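Worksheet: the structure to be examined is printed underneath.
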Amino acid sequence: VSLALCALAAAALGLAAGLRLGRRPAAAPVSPAPAISPREAEEVETVRLRVKVRVAEEERERAMKAENLCRRVIDTTLDGVALLGPGLVIEHWNPQAAAIFGWSKEEAVGEPLLTLLVAEEKRDELRRVISGRARPSDTPLFSRRNEIRGLRKNGQEFPLEIAVTPLIHPGGGVAYSVFLRDITERKRVDRLKNEFVATVSHELRTPLTAIRGSLRLISGGFTGELPAKTRTMIDVAHESCERLVALVNDILDIEKIESGKMSFDLRPTDLGELAAKAVRSTLAYAAPFGVELREAVDTPCRALADEDRVIQVLTNLISNAVKFSPRGAAVDVRTFARDGRARIEVRDRGAGIPEEFRPRVFQKFAQADASNGRTAVGTGLGLNICKAIIERHGGSIGFETEMGRGTTFWFELPGAAPRAPRAEAEERPSILIVERDAALAAQLSESCRDYGFQVEVVASAAPARERLAAGGYAALVLDLEAPEVEGLDFLRGLRRGASAPPTIVLSGRRQETGRFTNGADHAIVVDWLNKPLEAARFESLLRGLAAAESPAAA
Amino acid sequence: MATTTEIRRVLYVEDEPSIRTVGLFALVEVGGFTVEPAESGAEALAKVGPFSPDLVLLDVMMPGMDGLATYKALRARPDGAGVPIIFMTAKVQPHEVDGYRQLGAVGVIAKPFDPVTLSDEIRGICARRTS
């Protein structure tokens with residue numbers, strides 16, 4: 001019996017295994033089963049059930065082992081790992097995360113703690129990005145490594161690398177895996193390396209200055225006439241020395257920017273003027289290349305900028321454009337406003353940037369060969385420095401390129417900051433501008449922003465009425481020549497409603513002033529400006545409005 | 001008030017020998033100045049009386065007594081108080097230049113200087129001052 005049982009048990013095991021794999025048990029060859037008594041059948045059934053249970057247990061054990069293994073991997077990894085469940089509540093917190101931040105597993109699990117782990121200035125942004133309410137200006141977070149300032153339980157800040165990846169939560173909804181790395185040591189090594197480079201560069205500078213000065217005096221003929229062969233060699237030495245000096249200066253610039261030692265003197269600056277200055281200072285460089293420099297200001301725009309640094313960027317972009325231009329071509333420098341930001345473009349008609357080089361354009365020591373056979377002369381650091389400078393201005397830089405057609409490098413800077421900065425954009429008072437002329441609208445907006453106002457621009461009367469009906473504007477700037485405004489009727493219509501804010505009227509027709517002020521409804525009109533815009537008067541009105549809006553005045 | 005043509009005698013204070021050699025050549029051979037070199041702030045103080053310069057050209061970064069300390073010491077002496085001083089410095093960030101001017105320097109020349117144009121630059125600074 002026991003033998004038969006064993007055979008049956010084996011068959012049952014095979015059956016269970018077959019079932020588990022979703023296969024039908026093999027049908028043949030099966031020897032005809034011997035007749036068994038009901039008691040034996042019961043015993044067989046019991047064994048079969050036991051086997052089934054054991055298989056299930058084994059399976060569960062295997063799954064648990066696998067899960068334990070995963071958990072051990074997570075718990076022994078040298079990175080901090082957190083799992084955020086729905087509601088951004090921490091569901092898992094590994095020992096390394098506890099070691100990095102000082103919050104124990106017991107303290108962390110069950111808490112929506114993540115935003116406490118980063119320095120305060122990034123907290124709102126992180127909260128927005130994780131909960132899917134990111135603003136366009138927020139740094140993308142998911143599925144990449146980000147460097148931010150971390151915050152330990154004891155209040156100490158440290159450089160933190162964070163990688164957040166969305167997952168489907170087993171219980172439904174979205175979960176997030178969060179990998180956290182304390183990169184204090186990496187940063188320290190980086191700093192040491194940078195300091196070393198800076199020290200070496202500084203030490204190089206003194207002898208280089210002497211070499212350059214001597215060569216300059218010799219090649220300038222101040223030490224007497226040179227034999228032709230000597231002159232050739234001196235010229236080679238002089239040129240190479242200039243390149244070396246440029247390289248050392250660029251390395252020092254980068255070190256200064258990266259270590260935060262480069263101070264930026266940001267003031268509201270006319271970018272068109274900067275572009276003109278940069279073009280003037282590059283004319284002499286462009287002449288031997290036979291390249292024409294053209295400069296245009298489409299919309300006058302101002303931005304908060306360090307004049308010298310932005311000129312450094314422009315000079316770099318323009319001389320690059322010249323270097324990669326065919327003889328006789330033009331390089332265009334255009335200044336204009338776009339989406340509330342000031343933008344300068346430098347366009348060349350060169351060969352374009354090859355596809356494979358594009359991702360490396362802004363990297364250090366990246367250099368493409370000039371297509372016209374000239375070897376590109378430069379340090380390979382220029383665009384890296386440009387990017388760093390523009391980013392320190394809170395701006396962005398990029399390029400568009402087409403093979404055979406040319407390349408346009410551009411950068412954008414945020415408009416001049418409000419003179420009375422307010423913490424929350426939502427709290428800033430708004431001005432509605434009714435103006436169909438885009439350039440004038442841009443100029444008006446720029447000035448309003450300068451004085452701390454948010455701006456909405458509409459081109460005609462209908463949308464203006466809609467917005468005014470919603471109310472909440474600190475002021476209205478109304479061009480009487482905007483479509484559907486029909487002179488003073490629009491104003492009179494406003495007067496009858498309750499929602500009319502203080503209004504600044506723009507008009508190209510002087511005589512209307514008299515007609516209007518004779519009316520009884522001048523109460524809402526603060527002032528009446530002629531076109532072309534009397535900018536100084538407009539700004540003084542804004543100053544008054546801003547003072548009235550500021551909390552200090554209340 | 002002094003005019004530019006009266007700048008003839010320059011006390012040139014620079015600790016780095018190679019730079020001093022180039023600078024001396026630029027001032028004497030290219031610029032035609034009469035120049036007394038000094039290797040340190042202390043030497044400058046010792047020479048300012050006997051040499052009686054029309055101008056002191058003063059390096060900022062020097063070991064021991066640096067340019068600013070030398071400036072103050074010169075200003076505190078009767079024989080150095082009235083002499084115009086131009087700083088030479090590699091730190092040419094705008095606010096630093098303003099700082100030197102506010103201190104009373106007549107000008108700042110950026111290092112590394114161009115030896116061919118150095119003398120013109122000096123004469124230009126002094127001319128702007130007297131105009």
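Each chain gets a letter, A, B and so on, in the order the sequences are listed, and its residues count up from 1. Every value quoted in this text rests on a predicted model; they were computed, and no experiment measured them.
- By a heavy-atom distance cut of under 4.5 Å, F25(B), V30(B) are the residues of residues 23-59 of chain B near chain A, going up by number.
- A tilted orientation is assigned to the rings of Y100(B) and F87(B), their planes being inclined by 30° to 60°.
- Looking at N384(A), its side chain does come within 3.5 Å of a backbone N or O of F362(A) through a donor-acceptor pair.
- Between E14(B) and R20(B), no side-chain nitrogen of the basic residue sits less than 4.0 Å from a carboxylate oxygen of the acidic one, so the salt-bridge criterion is not met.
- In summary, K187(A) and E147(A) engage in a salt bridge, as defined by a charged side-chain N under 4.0 Å from a carboxylate O.
- Side-chain contact between K323(A) and S319(A) is absent, with no heavy-atom pair separated by less than 4.5 Å.
- Around CZ of R267(A), the count of heavy atoms belonging to other residues, nucleotides or ligands within 6.0 Å does not exceed 12.
- The shortest distance between side-chain heavy atoms of R343(A) and F411(A) does not fall below 4.5 Å.
- The pair R309(A)-E307(A) fails the salt-bridge criterion, with no side-chain N (NZ, NE, NH1 or NH2) lying under 4.0 Å from an Asp/Glu carboxylate O.
- Among the residues in residues 217-241 of chain A, those with a non-hydrogen atom closer than 4.5 angstrom to a non-hydrogen atom of chain B are L217(A), F222(A), T223(A).
- Just one residue in the list T335(A), V313(A), D308(A), V310(A) forms a side-chain contact (heavy atoms from CB on, under 4.5 Å) with L274(A), and that residue is V310(A).
- Side-chain atoms of S396(A) and W410(A), non-hydrogen and from C-beta on, do get closer than 4.5 Å to each other.
- When each of P17(B), P115(B), P112(B) is scored by its heavy-atom pairs under 4.5 Å with chain A, the top score falls to P115(B).
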